[in-house]
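Just below is one structure, and these are the notes that go with it.
So you know, we letter chains A, B, ... as the sequences are listed, proteins then strands, and number each from 1.
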There are 2 protein chains.
Amino acid sequence: MLTIGKLGASAGVKVPTIRYYEQIGLLPEAERSAGNQRLYSQKALERLAFIRHARDLGFTLEAIRDLLSLSDQPDQPCAAADAIVIAQLAEVESRLARLGALKVELQRILTQCAGGKIANCRVIEALGDHSLCATDHRYPDLGATI
Amino acid sequence: MLTIGKLGASAGVKVPTIRYYEQIGLLPEAERSAGNQRLYSQKALERLAFIRHARDLGFTLEAIRDLLSLSDQPDQPCAAADAIVIAQLAEVESRLARLGALKVELQRILTQCAGGKIANCRVIEALGDHSLCATDHRYPDLGATI
DNA sequence: CCTTGAAGCTCTAGTTACTAGAGACATTAG
DNA sequence: CTAATGTCTCTAGTAACTAGAGCTTCAAGG
Ligand SMILES: [Zn+2]
Ligand SMILES: [Zn+2]
Ligand SMILES: [Zn+2]
Ligand SMILES: [Zn+2]
């Protein structure tokens, strides 16, 4: 049995984060010691490591919740799990495309600066006017994660 | 003079977002009509378009605040503005690197699935165990934007 | 046995950049 | 003049934590 501190150190997750995961129901309520402190089994460590790793791979907590509940049902077909991973890959690819365009545009903007005063700086101007842009980096709001 | 709705339509920014920008001091308090409705000048439209475009380029509101205050001081050297753009470029490149690693890893994980039941699915297993990963995608917390 | 420091507990609030909704007032088209 | 749309303020909610206050429990040293 591990205390919350040991668990966090083992899984690479901060203690308040573990309590947060419990609070939102991503981790089950932990057993408690006589003194009301949380105690964790090896299985709990595995579950937390799964969460941590999936977070590192960019999955949302919602997706992780689904993955965990799937992994608790071993005789279901795995297509649902794969679909979540495929969706995450698509998300990553979409972000990559967007960020690639941003990179190109920012580099291009930076080349416009010849130094000097702000009044003459083409960088400020380029930031203000999309019609000076070479690429179309205006995508409908991709949210934000990773 | 534009109403808030026209302003938003012109700049491609939703009305509540404009009010939010005013609330956090990114836009100055707008003039008001006799009936207490906000009225905006052409200059306000330019400022809002600047904000919108900079957001599209992934700048945070904090960075945009700094850029705006720099652009209000035309005889300052432009190095400070450039530095903000350079930092943003670095941020974008760092995210690109991270996302590139994630993409590779997610693709690799997906190849492990041979279909079938979850109990045998290597995808779930791979998600749970970083030692099965081929790349090192564990970077110290990059926050999240874009 | 006692003390002290670290680790744990609960609870609240703050972060980013908005978005949604309630309930009231203003403006405009027909 | 009325109905529809637009605008007003204010509050609260989103994702995934993080920080802090004020309290209790635990482990080790003297
Ligand atoms: Zn410059
Ligand atoms: Zn542009
Ligand atoms: Zn599978
Ligand atoms: Zn991994």
Please give, in whole Å, the distance from [N] [atom2] to [X] [atom1]?
X	N	atom1	atom2	value
Arg65(B)	dA17(C)	CZ	P	10 Å
Arg52(A)	dA16(D)	CZ	P	15 Å
Leu39(A)	dA7(C)	CG	C1'	13 Å
Leu7(A)	dA7(C)	CG	P	15 Å
Ile51(B)	dA17(C)	CD1	P	12 Å
Leu61(A)	dT18(D)	CG	P	11 Å
Leu2(A)	dA7(C)	CG	P	15 Å
Ile24(B)	dT19(C)	CD1	C1'	14 Å

From [options], nucleotide with atom closest to [X] side chain:
X	options	answer
Asn36(B)	dC8(D), dT19(C), dT27(C)	dC8(D)
Thr17(B)	dC17(D), dC26(D), dC18(C)	dC18(C)
Arg19(A)	dC18(C), dG8(C), dT7(D)	dG8(C)
Ile4(A)	dT27(C), dC18(C), dC9(C)	dC9(C)
Thr60(B)	dA17(C), dT18(D), dT19(C)	dA17(C)

Greater than 12 external heavy atoms within 6.0 Å of Gln107(B)'s CD: yes
With heavy-atom distances below 4.5 Å as the criterion, would you say the side chains of [X] and [Y] are in contact?
X	Y	value
Tyr20(A)	Leu26(A)	no
Arg122(B)	Ile109(B)	no
Arg47(B)	Asp72(B)	yes
Arg98(A)	His137(A)	no

Within the structure, does a side-chain N or O atom of [X] lie under 4.0 Å from either OP1 or OP2 of [N]?
X	N	result
Thr3(A)	dG8(C)	yes
Tyr20(B)	dT16(C)	no
Lys14(A)	dT18(D)	yes

Which is true for Arg38(B) with a 4.0 Å heavy-atom rule: it touches a base, it touches only sugar-phosphate, or it touches nothing? sugar-phosphate
Let me spell it out: for each of Glu62(B) and Gln37(B), pick the nucleotide of DNA chain C with the closest heavy atom. Which residue's pick is nearer the 5' end? Glu62(B)
Residue mapping more 5' on DNA chain D - nearest nucleotide basis, Arg32(B) or Ala34(A): Arg32(B)
